[in-house]
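Here's the structure, in structure tokens; my notes come after.
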There are 2 protein chains.
Amino acid sequence: MKEVTGGVTAAKGFVANALSCGIKKPEATRLDLALVYSELPTTSAGTFTTNRVRAACVRVSQSHLRRGNVRAVVANSGNANACTGAAGVAVARKECSIVAKNLGLKPGEVAVCSTGVIGLPMPMVRIEPRLPELCQNLSADKGHDVASAIITSDTCEKEVAVEISIGGKPVRIGSCCKGAGMISPCMATMICLVCTDAAVARPDLESTVREGVEHSFNRITIDGDMSTNDTCLVMANGASGVELAPGKPGWEDFTRALHYVMMEQAKHIVQDGESVTKFVTVRVEGAPTQLEAKKVAEGVAKSSLVKSSWNGGDPNWGRIIHAVGYSGSRVREEKVDIDIAGLPACRGGVQTTTKSDDLRERVQAREFEVRINLNMGTETYTVYTTDLSPEYVDFNRSEYAYWNQAKQDGLTH
Amino acid sequence: MKEVTGGVTAAKGFVANALSCGIKKPEATRLDLALVYSELPTTSAGTFTTNRVRAACVRVSQSHLRRGNVRAVVANSGNANACTGAAGVAVARKECSIVAKNLGLKPGEVAVCSTGVIGLPMPMVRIEPRLPELCQNLSADKGHDVASAIITSDTCEKEVAVEISIGGKPVRIGSCCKGAGMISPCMATMICLVCTDAAVARPDLESTVREGVEHSFNRITIDGDMSTNDTCLVMANGASGVELAPGKPGWEDFTRALHYVMMEQAKHIVQDGESVTKFVTVRVEGAPTQLEAKKVAEGVAKSSLVKSSWNGGDPNWGRIIHAVGYSGSRVREEKVDIDIAGLPACRGGVQTTTKSDDLRERVQAREFEVRINLNMGTETYTVYTTDLSPEYVDFNRSEYAYWNQAKQDGLTH
């Protein structure tokens with residue numbers, strides 16, 4: 001497997017376009033509307049937020065995927081089209097219809113992704129007139145533009161593309177994604193688009209996508225907040241001429257490559273979390289069940305006190321074990337071992353003889369691992385997370401600028 | 001019912017003392033070791049943290065309460081005596097023994113409470129020699145000193161005392177408590193000591209204390225972190241000459257007064273949370289079950305994004321409904337109504353015509369209510385919470401100073 005350039009359009013038969021519509025600010029010039037299109041029919045699979053409050057775009061994309069496969073995805077940043085009621089659903093459907101008409105597809109063959117502020121109507125006055133233009137001048141060179149158009153508070157584009165060789169033929173998987181805030185297990189506030197030129201039957205694609213998401217996007221948490229808009233969409237168009245199926249040659253290589261792409265993107269999201277200064281892997285071992293391993297890992301990864309201490313470069317195993325204790329898992333305090341950045345910090349629930357200066361020096365690094373052994377069984381679970389910084393809170397204090405803009409647009413009161 | 005002064009020793013037959021031992025810093029002069037003593041035998045009830053990692057003092061106090069009633073409580077701040085293993089339990093037992101000996105009690109008649117940093121051994125070298133002195137010069141005037149000695153990052157003492165009249169006789173309930181960080185439902189990082197001169201049989205006292213805690217301390221959250229040390233201890237010594245029991249005259253008045261004291265203290269804890277600028281009441285109505293009402297209220301009250309927006313004076317109902325959606329309760333987005341500070345912000349899952357400037361003006365207040373109606377049933381639940389401030393994170397970045405001190409004391413490495 002080798003990494004290649006090209007992002008979401010790295011695989012054969014995928015083209016894209018992106019425009020600047022001023023969805024956030026009318027005068028702005030940054031890309032905020034994007035289209036990815038497969039020149040061939042696809043099989044498609046998607047996983048979506050498990051939040052009971054689902055954005056209109058998620059509802060429409062889910063309904064389209066339930067009925068068939070999609071060949072195009074229209075995506076925007078700046079407005080999440082969430083909590084916008086029946087009008088929001090109508091807007092999302094209209095986007096699909098217009099794009100479908102311009103590409104010669106059925107509306108059900110178009111998926112729609114939105115990310116941005118929740119609760120404001122979509123500024124269709126700016127989006128709708130630009131959709132025909134978006135469907136023209138599609139090119140395989142514009143993968144990077146799509147990656148730019150979907151990011152919000154992300155500080156960089158997130159692209160991963162790989163090539164594997166199966167029976168002497170190259171097969172590619174390309175992707176772009178966005179993350180930043182509102183990141184919690186069970187799909188984060190993210191959009192991830194993955195395009196491959198392998199040919200994969202839909203049920204096989206669905207199951208390997210589910211498995212990949214479970215081990216990547218569902219294992220990351222930044223602020224513990226689960227978004228209304230999370231979407232991971234995968235399209236396989238067979239342009240490579242390589243047909244893949246479980247048990248056939250190349251399947252293992254393909255799934256490994258697909259899961260690699262998802263895991264890399266999940267890590268990119270964490271590393272680029274809002275005002276993040278640390279990337280921390282929380283690995284729980286020795287749990288009686290996997291569910292309990294998960295509860296412990298997420299309990300630690302979501303604790304404001306633990307995350308604040310990481311921000312301060314303070315190893316503070318005491319706060320870690322206190323979060324282990326309230327995680328909801330069976331825990332016997334006197335059995336808990338904690339290693340921080342490779343050094344034993346706690347054994348049997350009490351401090352070790354490791355010098356606190358040594359521990360402290362290790363957690364000055366940008367990336368480190370916290371390993372917790374409950375010594376109650378054999379199950380494990382790993383979560384990728386971050387610190388909590390004063391800057392995160394400061395950044396999220398107000399979205400009032402969006403409301404002011406929306407007021408000027410006549411979209412709110 | 002009238003409020004009276006005197007704090008934890010406001011009720012007849014309770015005396016106290018407090019000393020400065022330098023538990024945090026040897027040179028410091030602030031009070032950090034306290035004793036409350038009932039001159040008469042008591043009936044006692046306590047509720048404790050449900051964290052699986054329990055401080056040594058909690059284990060010892062629980063064991064003493066299981067076997068009988070307590071007449072004295074020794075409490076310290078600066079060190080939580082948590083995650084200190086068998087040595088920590090031995091230390092807590094030793095404190096009880098020394099106090100018991102000096103007061104002519106059995107060790108099992110003494111409870112012990114500690115609050116402060118987790119994971120460091122107790123500096124017994126400083127505490128032990130002072131315990132005999134602590135048991136002398138006990139006075140009913142020193143309730144306020146106890147309130148001072150148990151606070152940590154609290155900015156003020158927390159005392160509530162009330163008097164009711166039953167059959168023409170005055171009955172008093174006095175209390176002090178501490179809170180600050182690590183505050184989450186199912187007992188917070190708090191110590192609350194309540195002393196009453198009513199005579200109440202132990203089972204009756206236990207059940208009314210449980211009920212009071214359920215509606216007060218279990219309904220507050222600051223940072224979602226549940227401490228290892230939470231303790232609420234209630235002693236009733238009968239010095240008023242008034243015997244109370246369910247169904248008898250005065251019982252309703254007494255329980256109402258006791259629950260009032262607990263609720264006031266719970267609110268004090270929230271109002272004085274670490275670096276808190278807002279006191280927010282999250283009231284959920286129309287839930288199908290009380291458990292689901294609770295999940296929604298706690299989901300909203302614990303969301304970092306929601307709390308950050310409150311810090312910024314941003315009403316942001318979109319973030320509130322997104323937290324409602326991931327709370328784990330059954331929710332139908334199109335039925336959700338949200339009022340913020342008395343104004344309708346969301347109806348049927350979408351924005352109202354309320355002017356955003358009006359909403360914004362209302363949430364500039366230090367206290368306001370968020371009222372969420374799921375319109376799915378009749379159950380309700382209320383949680384008292386705060387904003388999340390950059391200063392909270394900054395304050396909790398490092399406890400390294402404690403470790404440095406402990407190193408100098410030879411208590412860590």
Side-chain angles (χ1 to χ4, degrees), chain A residues 51-54 82-85 117-120 181-182 184 223-228 303-305 308-309 311-314 316-319 321-326 330-331 333-334 346 348-351 353-356 360 388-394 396-400 403 407 412-413, chain B residues 50-54 82-85 117-120 181-182 184 223-228 303-305 308-309 311-314 316-319 321-326 330-331 333-334 346 348-351 353-356 360 388-391 393-394 396-400 403 407 412-413:
Chain A
N51 196 313
R52 297 262 184 159
V53 175
R54 285 175 303 143
C83 306
T84 45
V117 69
I118 297 172
L120 286 176
M182 249 191 225
S184 189
D223 52 13
D225 277 291
M226 184 202 295
S227 146
T228 49
S303 160
S304 295
L305 278 173
S308 296
S309 69
N311 182 255
D314 182 350
N316 220 322
W317 67 269
R319 289 193 187 161
I321 196 171
H322 109 271
V324 169
Y326 73 66
R330 278 173 289 173
V331 170
E333 183 179 343
E334 62 276 19
C346 165
V350 300
Q351 66 174 352
T353 56
T354 303
K355 288 199 168 66
S356 49
R360 199 180 185 206
L388 172 65
S389 65
E391 295 76 19
Y392 167 90
V393 180
D394 202 47
N396 283 298
R397 289 179 77 233
S398 177
E399 285 186 334
Y400 212 65
W403 258 261
K407 249 197 306 191
T412 191
H413 308 279
Chain B
T50 54
N51 196 314
R52 297 262 183 159
V53 175
R54 285 174 304 142
C83 305
T84 45
V117 69
I118 296 172
L120 286 177
M182 248 191 223
S184 189
D223 52 13
D225 276 291
M226 184 203 296
S227 146
T228 50
S303 160
S304 294
L305 279 172
S308 296
S309 69
N311 182 253
D314 182 351
N316 220 322
W317 66 270
R319 288 192 187 163
I321 196 172
H322 110 271
V324 170
Y326 74 66
R330 279 173 289 172
V331 171
E333 183 179 343
E334 64 276 18
C346 165
V350 301
Q351 66 175 351
T353 56
T354 304
K355 288 200 170 62
S356 49
R360 197 177 188 211
L388 172 65
S389 66
E391 294 76 19
V393 180
D394 201 47
N396 282 297
R397 288 178 79 233
S398 177
E399 286 187 333
Y400 213 65
W403 258 261
K407 248 197 307 190
T412 190
H413 308 280

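Basis for what follows: all heavy atoms, side chains included, without hydrogens, waters or symmetry-related copies. Below, chain A is the first sequence line, B the second, and so on; all start at residue 1.
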Ranked by heavy-atom pairs below 4.5 Å to chain B, first place among Thr353(A), Asp394(A), Thr354(A), Thr84(A) goes to Thr353(A)
Of the listed Gly348(A), Ser389(A), Gly85(A), the one with the largest count of heavy-atom pairs under 4.5 Å with chain B is Ser389(A)
To the nearest 0.5 Å, atom OH of Tyr392(A) lies from atom OG of Ser304(B) at 5.0 Å
CZ of Arg319(B) to CD1 of Ile118(A), rounded to nearest 0.5 Å, is 8.0 Å
Shortest non-hydrogen pair, Val53(A) vs Ile321(B), comes out as CG2-O, 3.4 Å
Heavy-atom closest pair (Leu388(B) atom, Val393(A) atom, distance to 0.1 Å) is O-CG1, 3.1 Å
Original post:
Under 3.5 Å, is there a donor-acceptor pair between the side chain of Glu333(B) and the main chain of Arg54(A)?
Top reply: yes
